[in-house]
Amino acid sequence: AVIAMQDQIEVRTSQLFSQTFYRQLLDHGLVDLACNEARSAVLSAQLPGAAIPVLFMRLRNGWLLGQSGAISSDRAETFWPFLLENINRGQCTPFLGPQVLTGLLPDRAAIAAKLAEKYSYPLADREDLVRVAQYIALSDPALLRKEYLRLLQRNLFAYLGVKPSEEEKRQFREATLSETVRALDWSERVLLLHEDEIHHVLGALELPLYVTTNADNFLLAALQARGAQPRRIGPRWIQLQAGTPQWVLLPEPSAEAPVVFHLNGFDEDAEQQEHLVLSEDDYMAHLVRLTRDQEQLLPANVLRLLAENSFLFLGYQLDDWEFRLI
């Protein structure tokens, strides 16, 4: 969205227009409405030049800034103190979604577009990763997961501002995403770029359990940088026979030995990578199993923490497949 002046404009008009425009834009985020409200303020003040500012916009609905969230209960005054107290007591479980990776890895739309181009995806929704993944998985689900992780790994260099030499390119050609994160000393590099990087902020909370639907090991690296001894696990995907003892993690999840639970699988583990959740069929199968076999898929003490703790969802939109499945 661009606001331009069609002619010279008086300073008094410019000041009133700008003050009203930015104040209203911060209030509701709608750039066209804010522009009209600023024009109205100029007209009401009987200043010349209300028609000089003109708006050029490519936004579909006029939203330049996202709307602030609202607390949808009658406990608005106690919501934040309650949440902060739970965090201080370690009784809060963050859920990390795809958008916490903004600025760290390419977003899902960019990954989907690259996969769609490489595998000649024939439909128009080429930026919908779940749909593109479904198309590729019909032919070779193992290839889909390998390609997805490879794209994340290759793009990590660019997002960290690293230009690998030819020898380093050969060295990292067969490396996993997690191996590359460790080899590049991601934790130290990313803090130079983003002082308040989200994984490090969450690691500083010293919580016993973190749940993520992402495949990367950024949170693990951030916790290790804090001196903790985290464990990285995912669901127990294998089908167990009736009577199998319930799965219990030892030692118990704690601030010193936190658990990073990858709900949708991750790399560096053959079983977890084989069940990496990407396509529509993956999500539906995962939903069925989580509903039916929850006590087999998840450790008993993780289930207990999920039952007792507050949830903090970060990086999700309401229509994300991951969020709907959770």
Side-chain angles (χ1 to χ4, degrees), residues 96-121 126-130 132-133 136 140-204 210 212-226 228 230 232 234 260 262 264-270 272-274 276-279 314-316 320 322:
L96 278 67
Q99 292 177 61
V100 301
L101 300 175
T102 301
L104 301 174
L105 289 174
D107 62 25
R108 294 159 62 87
I111 292 289
K114 289 183 179 180
L115 289 172
E117 181 178 0
K118 182 170 183 177
Y119 293 99
S120 303
Y121 180 69
R126 299 170 67 86
E127 295 186 349
D128 186 333
L129 180 59
V130 176
V132 174
I136 301 171
D140 193 338
L143 177 64
L144 163 67
R145 295 180 174 96
K146 185 177 180 180
E147 272 299 298
Y148 172 75
L149 292 169
R150 187 187 69 84
L151 284 172
L152 294 181
Q153 186 259 355
R154 294 285 172 86
N155 281 276
L156 180 63
F157 295 94
Y159 278 74
L160 285 176
V162 176
K163 293 185 178 180
S165 64
E166 290 302 318
E167 183 177 342
E168 287 174 324
K169 287 180 181 179
R170 288 192 295 272
Q171 174 188 348
F172 286 106
R173 186 167 293 143
E174 299 301 324
T176 66
L177 172 63
S178 296
E179 288 171 343
T180 307
V181 167
R182 289 194 295 270
L184 292 178
D185 198 7
W186 172 86
S187 184
E188 184 174 334
R189 286 178 184 268
V190 78
L191 284 177
L192 296 175
L193 300 173
H194 309 283
E195 185 179 353
D196 55 351
E197 195 278 318
I198 184 64
H199 297 88
H200 289 82
V201 171
L202 289 171
Y210 300 84
T212 178
T213 52
N214 301 325
D216 61 83
N217 62 330
F218 292 156
L219 186 53
L220 189 80
L223 287 164
Q224 290 170 336
R226 294 274 175 185
R232 187 189 193 196
V260 179
H262 287 259
N264 290 354
F266 57 92
D267 70 338
E268 278 203 311
D269 180 288
Q272 295 299 326
Q273 184 167 324
E274 181 184 350
L276 195 65
V277 179
L278 292 174
S279 69
L314 300 164
Y316 293 100
D320 284 344
E322 295 92 342

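Given the structure is predicted, the values throughout are model-derived calculations rather than measurements.
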Nearest heavy atoms of [X] and [Y], plus distance in Å:
| X | Y | result |
| --- | --- | --- |
| Glu322 | Tyr316 | CB-CE2, 3.7 Å |
| Asn214 | Gly97 | ND2-O, 2.9 Å |
| Leu149 | Ala215 | CD2-CB, 4.0 Å |
| Leu202 | Leu314 | CD2-CD1, 3.8 Å |
| Ala112 | Val132 | O-CG1, 3.9 Å |
| Phe172 | Ala183 | CE2-CB, 3.5 Å |

Practice prompt. Taking side-chain hydrogen bond (donor to acceptor under 3.5 Å, both in side chains) as the test, write out the residues that go with Glu274, two or more places apart.
Written response: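 side-chain hydrogen bond (donor to acceptor under 3.5 Å, both in side chains) check on Glu274 returns nothing, list empty.
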Worksheet item: Does atom CD of Gln273 have more than 12 heavy-atom neighbours from other groups under 6.0 Å away?
Response: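 Yes - once you tally the heavy atoms of other residues, nucleotides and ligands closer than 6.0 Å, there are more than 12.
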Worksheet item: Taking everything shown except Glu117 itself, do over 12 heavy atoms lie less than 6.0 Å from its CD?
Response: no
Worksheet item: Between Ile136 and Lys118, does a side-chain contact (heavy atoms from CB on, under 4.5 Å) hold up when you go through it step by step?
Response: CA-CA 10 Å; Ile136 301 171; Lys118 182 170 183 177; over 6 Å; no
Donor-acceptor pair, [X] side chain versus [Y] backbone, under 3.5 Å?
| X | Y | result |
| --- | --- | --- |
| Arg108 | Leu129 | no |
| Arg189 | Leu184 | yes |
| Asn217 | Leu220 | no |
| Glu168 | Ser165 | yes |

Do [X] and [Y] touch side chain to side chain, with heavy atoms closer than 4.5 Å?
| X | Y | result |
| --- | --- | --- |
| Leu151 | Leu115 | yes |
| Ser187 | Phe218 | no |
| His199 | Leu96 | yes |
| Thr102 | Asp107 | no |
| Leu143 | Tyr119 | yes |

Worksheet item: Salt bridge check: are Glu166 and Lys169 linked by an N-O gap of less than 4.0 Å?
Response: yes
Worksheet entry | Asp267/Arg232 salt bridge by N-O under 4.0 Å criterion |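 A salt bridge is present here (some side-chain N lies under 4.0 Å from a carboxylate O).
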Worksheet item: What's the verdict on side-chain contact (heavy atoms from CB on, under 4.5 Å) for Leu101 and Asp216, showing C-alpha distance, side-chain angles and the deciding distance?
Response: CA-CA 9 Å; Leu101 300 175; Asp216 61 83; 3.2 Å; yes
Discussion item. Walk me through whether Phe266 and Val260 qualify under side-chain contact (heavy atoms from CB on, under 4.5 Å).
Written reply: CA-CA 11 Å; Phe266 57 92; Val260 179; over 6 Å; no
Distance (rounded to the nearest 0.5 Å) between [X] [atom1] and [Y] [atom2]:
| X | Y | atom1 | atom2 | value |
| --- | --- | --- | --- | --- |
| Leu193 | Glu188 | CG | CD | 11.5 Å |
| Glu268 | Arg182 | CD | CZ | 4.0 Å |
| Ile111 | Leu105 | CD1 | CG | 8.0 Å |
| Gln153 | Lys146 | CD | NZ | 11.5 Å |
| Leu152 | Glu147 | CG | CD | 11.0 Å |
| Arg154 | Leu177 | CZ | CG | 12.0 Å |

Discussion item. Taking the ring of Trp186 and the ring of His194, is the distance between their centroids below 6.0 Å?
Written reply: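 No: the rings miss the under 6.0 Å criterion.
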Side-chain donor/acceptor pairs under 3.5 Å, residues 156-163, sequence neighbours excluded:
none

